[in-house]
Amino acid sequence: MSNSKTPLLDMYRTMLTIRRFEERCNYLFMQGRIPSTLHLYIGQEAVATGVCAHLRPDDYLLSTHRPHGHAIAKGVAPRAIMAELFAKSTGCCKAKGGSMHVGDVNVGMFPAIAIVGANIPIAAGVGLAARRLGTDRVAVCFFGDGAANEGAFHEGLNMAAIWDLPVVYVCENNLYAASTPFPLAFKIENVADRAAAYGMPGVVVDGNDVEAVYQVAGEAIDRARQGEGPTLIECKTYRLCGHSRSDPRTYRSQEEETAWAAKDPIPRLAERLKEKGLATDETLTAIEQEVTALIDEAVAFAEESPPPEPTDALKHVF
Amino acid sequence: MSNSKTPLLDMYRTMLTIRRFEERCNYLFMQGRIPSTLHLYIGQEAVATGVCAHLRPDDYLLSTHRPHGHAIAKGVAPRAIMAELFAKSTGCCKAKGGSMHVGDVNVGMFPAIAIVGANIPIAAGVGLAARRLGTDRVAVCFFGDGAANEGAFHEGLNMAAIWDLPVVYVCENNLYAASTPFPLAFKIENVADRAAAYGMPGVVVDGNDVEAVYQVAGEAIDRARQGEGPTLIECKTYRLCGHSRSDPRTYRSQEEETAWAAKDPIPRLAERLKEKGLATDETLTAIEQEVTALIDEAVAFAEESPPPEPTDALKHVF
Amino acid sequence: MAKMSIAEALRQAIREEMARDPRVFCLGEDIGIKGGFGGAFTVTLGLSDEFGHERILDTPISEIGIAGVAIGAAMAGLRPIADVQYGDFLFCMMDQLANQAAKMTYMSGGTVKVPMVMRAPVGATGRGAQHAQSLEAFFTHIPGLKVLAPSTAYDAKGLLKSAVRDDNPVLIFEHKLLYGSKGPRSERGALSPIGEVPDEEYLVPIGKGVIRREGTDVTIVGKLLTVYRALAAAEELAQDGIETEVIDPRTLVPLDKELILESVRKTGRLVIVEEDNLTGGWAADIAAIVAEEAFFWLDAPIKRVSAPDTPAPFAPVMEQFYVPGEERVVEAVKSLF
Amino acid sequence: MAKMSIAEALRQAIREEMARDPRVFCLGEDIGIKGGFGGAFTVTLGLSDEFGHERILDTPISEIGIAGVAIGAAMAGLRPIADVQYGDFLFCMMDQLANQAAKMTYMSGGTVKVPMVMRAPVGATGRGAQHAQSLEAFFTHIPGLKVLAPSTAYDAKGLLKSAVRDDNPVLIFEHKLLYGSKGPRSERGALSPIGEVPDEEYLVPIGKGVIRREGTDVTIVGKLLTVYRALAAAEELAQDGIETEVIDPRTLVPLDKELILESVRKTGRLVIVEEDNLTGGWAADIAAIVAEEAFFWLDAPIKRVSAPDTPAPFAPVMEQFYVPGEERVVEAVKSLF
Ligand SMILES: Cc1ncc(C[n+]2csc(CCOP(=O)(O)OP(=O)(O)O)c2C)c(N)n1
Ligand SMILES: Cc1ncc(C[n+]2csc(CCOP(=O)(O)OP(=O)(O)O)c2C)c(N)n1
Ligand SMILES: [Mg+2]
Ligand SMILES: [Mg+2]
């Protein structure tokens, strides 16, 4: 876990892929080429990336209504996600799921769960299976600050704790649950402070600093893998976009948005890479082009894919 | 709240009333004269008594599947409780509720709630109403250690905390949830330690020492009444009886039971009263006779009361 | 008479009831934040400016807590109007609604009342399986709850006002495609019926259905969105000479059973249309009532037109197949002749 | 052949499945504590001695957690058998069952399976409104769940074994008065049918009903306890010359619809008996199916014999009125002639 081994450039590529993927989604959505609603992850890319950089394809991930970033970081093919958003039969859920339920079990990501907090006890069960089946797999469960006020959070964390399950709980505290600011819903400073209520370690980390996230997540994932039980990690971050589709964000101040825009994790990492001599402007431009090509391809794939048959609705109930 | 004002003798009478009431219930149940099931409160009397000694009739109480002690301490007439247990039309719930739902709103006790933990958010709502209606009423919510692992606990305590509601949460930690010992369900020492997760004060107290309970509860109730918000009080106690009806208690050791029997709150208080010169053996015998008469009367009332009509089942849905 | 959408009518009802009775208040997620949404479908938009944040109470994401607080507040003298952002989340508070709110009055022998309202948007709108369900059937099956399903602005306002004044827990189901929510919260494919609403105060009584169209040959019972599907089908059927009576019960519990039975006694044929899944749906109950109480007047089998027994699919093409459309209603009616 | 109670038959099924497949395990409250109850009705009594506490996993009182852990474990390769102490507590985990377990396979486009079993005791047994409900109807209305309701020891064992091997979430409803639980966990007023169970291994297929008694004049469909009420009524009716066919579907989802339809086509009369509340009950669905698919064979209205639309009352005299008894079944049948 020493910084010298940190795959910073890979993480940059992942973060940029997530960012460009979502910007494209937003554009396509505004154009009416993607139906439904979207919860974008723009601004929080360092969290998914720093955590998932430690995961093997056979490790598990449980996600939320805001899952695109998690999916890309865990290795779900962007084209399969894009096709799902386009409601095409080639989508990662065969167009049964949609934006809020993307996933691909072949790379360890279950369909995302859009009931806030409901993935938390499920992750405990996944961890239980990983252990009982004699593997050293780990389950990572992402959720927002808002989710920490659900009963499911409480029951799930306690069960993971008492049974020392190999689960890492990652709370992405982006300061808002939809329009609700954190202090309106909590009388405490940090979600991670709740870990003590379960006898579980809790850590707060700057969620816009991918190196910091990587460090903290690595320790927690190691602990889990070695049978030492779960951790609650709180990543302080901010979404640099609306809660869902055309949210005007009038519940946030201009100053706050500007202050956080200055902490955007992607330029911040770009600087670090250059500082450390791990990349030049040219490297970064090359990555940018690579990512654009990937996303162009994903969109082309999605557009060319056939829609499902109406009667496909009847399949896959059991 | 100074000890000199502590109504110790009254509390003794209340505790003894609860004890004798329940012993009688158990006897009647074994004889088949009371139907259904019973969750007795024997051994925990100091908790309900020490807390409720501070309450006014217009304060509120929310209870559980083990409610007889709370009801008596809050001032529900023993005859009305007994008649309810006998399934008579004169019961405090007109025989609609039964043992697990006794209550009487005229003295501030809502029907007890037998879904573990479900009374916790409801108590927050009651507290909200007390404040919003401009009263200084307080809501007290009793529950067991087991209830602290319900999602309802989490959501309810958090809401009470963020809104500074006039609620006192009293966890009666009798070391078991049915047959499940505390350490199997918790990786922490004290339920009260969870208060910090909500930014709420948490206190641990010896639940078999009525003076200590009285002291701690008084402070919490004062805080609540003065608009300073909720408290979580954990009373460490033990039920000197089975979980429900004919529980053989084979999941507990003889030694443990014996050790706790030595801490029985009633003889303990009797000693204190004599030590303090507040009672003699004669006083205590007189109280014993008073209580016996009260319970005889309650049983007679229950036995003589008419059962409901079968078709009364159709009443009171709305 | 003013013309307004259902979202506006609901907002007006809340505003009037809150002005009338200081015990009335709203609670829910994102309902009153300054600069926020006014709830998932704008119903409470602006109300916190008028009434303050104590009475338009923003909650954490805690559905058990929302229901529990509403129940407790109602038991102790307030009259809460709570909401969930999507009806699907009612399952998160199911114990509170089914075991607590619905049973408290009964368990207390009638001494405790729970005068609360719970509002819930229903219907499939392209969001996938967890934001799409029609929940009515579950709640009509819980004695102790009243269940409303307004399909017009007039009824939405009048029924919500009645619900607030009722001494019992009342659930109101609102269809997302009927709200007519505006701005960023508007819905694609919405029907958004704009209705006339009297300027003077009025109530719509709980328990009274209406005939939306008179007819002699067949009775169609619909609710919420499917009332409109039924009316559209009736138009089409009229061209084939089939005169359809369309009934909108408006209140599901208590049900205006007689209105339906009378209609069937007249027409001899019954089709029930709902957006919910077939098995165990509300339509089954209507069919069962008629099969028992108007059996001898029936000239043909009773037909249910419902969603199939699957979760709601995401893709619009599949969702359109899933949600019963006008054509399926027409076909069902024709099969009875 | 061995004779045993339903509780014993369920225990044997669990024991055999756990021995057969190391992925199978149980979780729930108070199921495996040494010296404890073996669950609320003794079904898992002694199993932790045989299989250890890892596989008979005692949980905190956390119904959301129990369901969530079962779902997650099933998604990742185990085959959990979870339980609640009383069916009423299913409402506490309703989101997990209805929104997660039931929809996961569908939302994943068929790539994820959730092979879990959830056991739940139902029925009114003198404990009041929160420990009495019959929950079947709610769950038959959730696509993606299979729902079983065994009424004999043979079926209980064979269906539970099939459920464990099914790749989908399966709910099993068990009636408290049929368990035959012994010792301190025995029930007053229990029927406790002792049944024959083969010594050799067998499965009862999910989706196949049985005719419990053949008859030509009227069909009665019951489930769980009401199968016995129906059989008792049939005896009495036989004395009046009415030959009753009694059907026990055993599986509610998927339903052996043809068995019921065939019977009704033969008898022309249908009565459905269930312990659940009338409005929105499972009986409504059976009535609706028959009113659509066997309408022309019906000679009389379809009757439902159910509990009234009230919570379960505490007092035994009221509870007896509430739970449909044999006399109400007899009366309903006679009203059809
Ligand atoms: C149980 C439940 N309640 C409410 C919602 C509606 N909802 C969707 S996202 C959201 C806000 C979630 O906030 P947070 O957990 O902080 O995650 P974020 O959106 O900030 O990523 C809400 C209230 C839901 N999907 N599920
Ligand atoms: C939601 C719910 N789950 C389970 C039960 C069954 N049950 C009744 S009492 C009990 C144990 C409660 O333990 P605790 O909260 O410690 O209270 P105690 O019985 O010790 O007073 C259980 C599991 C219930 N009534 N409600
Ligand atoms: Mg957030
Ligand atoms: Mg306890």
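Computation of the quantities below employed the complete heavy-atom set of this structure, encompassing side-chain atoms and omitting hydrogens, waters and symmetry-equivalent molecules. The chains referred to below are lettered A, B, ... by the order of the sequence lines, with proteins before strands, and numbering in each begins at 1.
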Closest approach of Arg132(A) to Pro22(D) (non-hydrogen atoms, all atoms of both residues):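 Scanning both residues completely, I find the closest heavy atoms to be NH2-O, 3.0 Å.
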What pair of heavy atoms forms the shortest contact from Ile162(A) to Pro60(D), and how long is it?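 Taking every non-hydrogen atom into account, CD1-CG, 3.5 Å.
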What residues, two or more places apart in sequence or in another chain, satisfy side-chain hydrogen bond (donor to acceptor under 3.5 Å, both in side chains) together with Arg245(A)?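 With sequence neighbours excluded, Arg245(A) shows a side-chain hydrogen bond (donor to acceptor under 3.5 Å, both in side chains) to Glu187(C), given in chain and number order.
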List the atom pairs, with distances to 0.1 Å, where a side-chain N or O of residues 63-82 of chain D and a protein N or O form a donor-acceptor pair under 3.5 Å, not counting sequence neighbours.
residue	atom	partner	partner atom	Å
Arg79(D)	NE	Val164(D)	O	3.0
Arg79(D)	NH1	Asp167(D)	OD1	3.4
Arg79(D)	NH2	Val164(D)	O	3.4
Arg79(D)	NH2	Arg165(D)	O	3.2
Arg79(D)	NH2	Asp166(D)	O	3.0
Arg79(D)	NH2	Asp167(D)	OD1	3.0

For [X], which atoms come within 4.5 Å of any heavy atom of chain D: side chain, backbone, both, or neither?
| X | result |
| --- | --- |
| Val317(A) | both |
| Asn158(A) | side chain |
| Tyr60(A) | side chain |
| Ala123(A) | neither |

Please determine, among Lys315(A), Met159(A), Glu84(A), Lys94(A), the option with the most heavy-atom pairs under 4.5 Å with chain D.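 The answer is Met159(A).
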Sorted by number, residues from residues 106-115 of chain D in contact with chain A (heavy atoms, under 4.5 Å):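 Hits under 4.5 Å: Tyr106(D), Met107(D), Ser108(D), Gly109(D), Gly110(D), Thr111(D), Val112(D), Lys113(D).
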Which residues, numbered in order, of residues 90-105 of chain D come under 4.5 angstrom of chain A by heavy-atom distance?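 Asp95(D), Gln96(D), Asn99(D), Gln100(D), Met104(D), Thr105(D) fall under the 4.5 Å cut-off.
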With a 4.5 Å cut-off on side-chain heavy atoms, are Leu128(A) and Leu57(D) touching?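 Heavy-atom side-chain distance check passes, below 4.5 Å.
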Donor-acceptor under 3.5 Å (Arg23(D) side chain, Ala129(A) main chain):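 No, because the side chain of Arg23(D) does not come within donor-acceptor range (under 3.5 Å) of the backbone of Ala129(A).
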